**Student:** 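Starting off with a structure, shown below.
Values in this document were obtained by computation on a predicted structure and should not be read as measured data.
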Amino acid sequence: MRQQLDLGPIEISYAAALRGVVPRPIGQAFRYVRCGAMDVQEMIGLAASNPEGEFVFILANPAEARAAQERAYAMRLANLAFLGLSLDELTAAIADRTQTIAPADYCCIDLTGIHDPARHQVALQLAGKLVAPGGLFTVRYAPFAAPGDGLRFMVSEFAPELKPEQQLEFLQELKQLGYAALEGCPAQATALAQALAAQQPEIFLRDFGAPPSAPPAALTTIAALSPQQFGFVGDAAAAANYLEMTVPAPAQDLLYSLRDHLLYEIIKDFAAARAWRTDIWVKQPAELSDNLAKLFGNFFYGLADSTKPLPPSIPVNGKDIDLTAPVVTALFDLMRVMPVTIGDFLSHDIGREFKPTDVVMAVQLLTACGVAAPMRGSFGGMGQADAHYPRLAGQYNQQLRGVTLEGAEAMLASTVAGRPLRLRLQEALVLQAVDRVGFEESADALMEELLRISGNPAQARLIFTADTRPAPDFAENMIREICANHMVGWYALGILDAA
């Protein structure tokens with residue numbers, strides 16, 4: 001079971017909290033608007049996972065929007081709407097008031113499919129109209145318009161100010177910062193290496209001193225959003241807010257020394273060599289705080305994949321991040337059972353010996369490493385649930401009961417995680433069989449699906465090996481293994497009804 005982390009309200013709120021923005025209380029009603037590139041099924045799952053939210057998804061293709069809305073209606077989901085409008089059409093419709101969209105607490109615009117800087121500006125001007133005061137605006141875009149533009153910007157921006165005796169040192173710093181970027185631009189890497197070897201920096205600065213094909217997108221984003229009363233917060237991906245997680249080890253010390261530079265974000269984009277950046281901006285006035293309880297105490301935290309053990313360390317950008325500290329392992333052990341708040345952990349026997357600040361740091365470490373994830377809620381207890389006849393929770397998830405699984409994965413909603421979850425085909429087949437007929441008859445129900453899949457080579461290779469075939473004992477063993485590994489997680493994340 002894999003969690004789909006893509007610009008949901010919980011992820012955005014947590015990433016903003018890392019930079020001191022006080023998060024919306026979990027469970028409080030909110031509005032969420034998303035434009036641009038998106039996976040429709042994920043968005044429907046996101047709305048189903050956050051029933052207190054009101055969601056508006058804007059697709060450029062009206063036919064796709066109508067089809068998505070019909071799919072949502074079929075699942076009896078009433079807290080979302082799909083609109084079919086391009087960015088230009090949306091801008092015009094808001095201006096002439098033919099389309100009204102209430103200001104949102106979260107607004108996300110994905111520009112990964114749009115490369116024209118003018119189109120970016122249209123999208124950024126929408127932010128002031130779509131985001132409520134105190135709301136969070138997230139925009140995803142390419143840092144540079146073309147490969148090699150990062151280095152050209154660095155040279156054209158800084159080289160004219162250099163004295164001749166500083167030029168060689170500047171090239172050495174370019175090599176250090178561009179450790180990752182130069183791997184994708186072999187011509188630039190070769191020219192830089194030759195200039196350093198010959199100690200002729202002036203030739204390199206001359207050949208690569210022309211400005212980039214377009215200004216760095218971060219600069220134009222700042223220019224567009226700052227006059228609209230937005231303040232830059234950080235990156236929507238929690239890990240990208242940590243230098244050690246973002247850039248290669250050779251560039252880290254130098255980049256850290258530049259953290260107060262006005263062009264730091266652009267320099268970091270060059271050093272990180274990432275294809276996309278995903279900014280979070282907050283519309284003023286916003287509530288800020290340095291109180292850790294206020295920033296992080298409201299979230300639940302659970303494992304991103306409950307089937308994986310805690311590794312002793314995780315390699316990141318040439319360094320190993322140690323995960324053997326007692327507070328880290330204790331948190332992991334408790335989160336294996338169910339998502340918990342920091343307060344839950346501190347009040348539990350396993351967590352009472354640790355300081356709150358150490359627990360916050362451990363949670364942030366596990367989250368940045370992708371081991372844990374912020375969540376919307378937690379397991380509420382078994383209540384009146386029938387352990388012999390588990391039932392899928394919620395209208396969205398109950399669709400699994402009647403569908404024929406065709407791909408490699410199935411998507412379900414989790415009101416605990418606050419985001420959709422992806423199940424491997426094996427997990428989905430077992431869960432479907434158990435939900436349809438209960439444990440006692442589940443092997444027979446699964447056998448029907450296994451026989452069907454055996455005739456589909458693409459799916460069959462995900463289930464069977466060269467030495468296995470559909471048989472009752474295979475189905476029984478598959479159910480036993482999958483349930484042993486995942487049943488607790490299904491209940492803990494609200495996939496199965498525990499009421």
Side-chain angles (χ1 to χ4, degrees), residues 1-6 37-46 48-49 71 74-75 302-311 314 336 370-371 373 390-394 396-414 416-417 419-496:
M1 184 164 53
R2 178 167 60 87
Q3 300 197 28
Q4 186 65 30
L5 311 176
D6 188 35
M38 69 184 81
D39 182 312
V40 167
Q41 191 63 21
E42 285 179 7
M43 295 304 100
I44 296 175
L46 182 65
S49 301
R71 191 182 307 175
M75 297 176 189
L303 297 182
D305 188 339
S306 60
T307 65
K308 292 183 178 180
L310 179 67
I314 291 180
R336 289 186 69 177
V371 174
R391 307 297 291 179
L392 287 162
Y396 182 92
N397 291 341
Q398 288 166 12
Q399 65 170 317
L400 183 66
R401 188 177 303 155
V403 302
T404 299
L405 294 169
E406 301 288 357
E409 294 180 319
M411 185 177 295
L412 297 179
S414 171
V416 171
R419 64 183 68 93
L421 310 176
R422 290 187 181 273
L423 275 66
R424 295 180 301 118
L425 180 59
Q426 295 95 321
E427 299 172 63
L429 287 168
V430 169
L431 186 56
Q432 182 186 64
V434 170
D435 175 73
R436 283 175 172 174
V437 298
F439 275 117
E440 188 173 342
E441 305 294 332
S442 58
D444 291 338
L446 179 59
M447 266 299 297
E448 293 182 19
E449 294 301 310
L450 293 178
L451 288 169
R452 176 186 63 81
I453 285 172
S454 66
N456 181 333
Q459 285 189 303
R461 69 172 61 101
L462 299 173
I463 303 292
F464 307 112
T465 66
D467 301 324
T468 59
R469 60 186 180 83
D473 60 336
F474 180 88
E476 291 172 2
N477 290 334
M478 183 172 163
I479 292 170
R480 189 178 300 111
E481 179 183 347
I482 293 293
C483 288
N485 290 331
H486 298 282
M487 183 64 72
V488 171
W490 292 338
Y491 276 114
L493 291 176
I495 299 297
L496 291 176

**Student:** Does Ser442 reach the main-chain N or O of Val434 with its side chain, forming a donor-acceptor pair under 3.5 Å?
**Tutor:**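 No; zero donor-acceptor contacts below 3.5 Å.
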**Student:** Does a side-chain heavy-atom distance below 4.5 Å link Phe474 with Met447?
**Tutor:**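 They are not in contact (no side-chain heavy atoms under 4.5 Å apart), so the answer is no.
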**Student:** Restricting to non-hydrogen atoms, name the atom on Val430 and the atom on Cys483 that form the minimum distance, rounded to 0.1 Å.
**Tutor:**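 Result for this residue pair: CG1-SG, 3.9 Å.
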**Student:** To the nearest 0.5 angstrom, please state how far the CD atom of Gln432 sits from the CG atom of Leu400.
**Tutor:**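 The CG atom of Leu400 is 5.0 Å from CD of Gln432, to the nearest 0.5 Å.
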**Student:** Could you tell me if the side chain of Glu427 sits less than 4.5 Å from the side chain of Asn485, heavy atoms only?
**Tutor:**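 Of all side-chain heavy-atom pairs linking Glu427 with Asn485, none is under 4.5 Å.
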**Student:** Begin from the C-alpha positions of Met411 and Ile44 and carry the test side chain to side chain contact (heavy atoms under 4.5 Å, CB included) through to its verdict.
**Tutor:** CA-CA 10 Å; Met411 185 177 295; Ile44 296 175; over 6 Å; no
**Student:** When rounded to the nearest 0.5 angstrom, what is the spacing between CZ in Arg419 and CG in Leu493?
**Tutor:**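 Output value for this atom pair is 9.0 Å.
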**Student:** To the nearest 0.5 Å, tell me how far Asp473 CG sits from Met478 CE.
**Tutor:**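 Nearest 0.5 Å value for the CG-CE distance: 13.0 Å.
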**Student:** Are Glu42 and Arg422 within salt-bridge range, i.e. N to O under 4.0 Å?
**Tutor:**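 A salt bridge links Glu42 with Arg422.
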**Student:** Please round to the nearest 0.5 Å and tell me the distance separating atom CG of Leu450 and atom CG of Leu429.
**Tutor:**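 Leu450 atom CG to Leu429 atom CG measures 6.5 Å (nearest 0.5 Å).
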**Student:** Compare every heavy atom of Leu462 with every heavy atom of Leu425, then report the nearest pair and how far apart it is.
**Tutor:**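 Scanning both residues, the minimum pair turns out to be CD2-CD1, 4.2 Å.
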**Student:** Taking the side chain from Gln459 and the backbone from Arg452, do they hold a donor-acceptor pair closer than 3.5 Å?
**Tutor:**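 Checked: no pair found.
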**Student:** Using modelled atom types and a 3.5 Å cut-off, is there a donor and acceptor pairing between side-chain atoms of Glu448 and backbone atoms of Ala445?
**Tutor:**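 Checked: no pair found.
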**Student:** As an exercise, state the distance from CZ of Phe464 to CD1 of Ile453, rounded to the nearest 0.5 Å.
**Tutor:**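 That separation rounds to 6.5 Å.
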**Student:** What closest approach, in Å, do Ala475 and Leu446 show between heavy atoms, and which atom pair accounts for it?
**Tutor:**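 That closest heavy-atom pairing would be O-CD2, 3.6 Å.
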**Student:** Is there side-chain contact between Ile495 and Leu421, with at least one heavy-atom pair below 4.5 Å?
**Tutor:**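 Result yes, sub-4.5 Å side-chain heavy-atom pair found.
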**Student:** Looking only at heavy atoms, which two atoms of Ala428 and Ala410 are closest? And how far apart?
**Tutor:**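 Taking Ala428 first and Ala410 second, the nearest heavy atoms are CB-CB, 3.7 Å.
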**Student:** If every non-hydrogen atom of Ser414 is compared with every non-hydrogen atom of Ala417, which pair is closest and at what distance?
**Tutor:**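 Residues Ser414 and Ala417, closest heavy atoms: OG-N, 2.9 Å.
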**Student:** To the nearest 0.5 angstrom, please state how far the CD atom of Gln398 sits from the CG atom of Leu412.
**Tutor:**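 Atom-to-atom, Gln398:CD and Leu412:CG are 11.0 Å apart.
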**Student:** Where the side chain of Asp435 meets the backbone of Leu431, is there a donor-acceptor pair that is under 3.5 Å apart?
**Tutor:**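 No, the answer is negative, given that no donor and acceptor are paired below the 3.5 Å cut-off.
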**Student:** Under a 4.0 Å N-O cut-off, is there an ion pair linking Glu449 with Arg436?
**Tutor:**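 Counted as a salt bridge, because a side-chain N and a carboxylate O are separated by less than 4.0 Å.
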**Student:** With a 4.5 Å limit on heavy-atom distance, are the side chains of Arg401 and Arg391 in contact?
**Tutor:**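 Touching, per the 4.5 Å side-chain cut-off.
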**Student:** Side chains of Trp490 and Leu423: does their closest heavy-atom pair fall under 4.5 Å?
**Tutor:**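 Yes, close enough: below the 4.5 Å cut-off.
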**Student:** Hey, are the side chains of Pro390 and Tyr491 touching, using non-hydrogen atoms and a 4.5 Å cut-off?
**Tutor:**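 Counting from C-beta outward, Pro390 and Tyr491 do come under 4.5 Å.
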**Student:** Heavy atoms only: give me the nearest Ala443-Glu476 pair and the separation to one decimal.
**Tutor:**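 So the two residues come closest at CB-CG, 3.7 Å.
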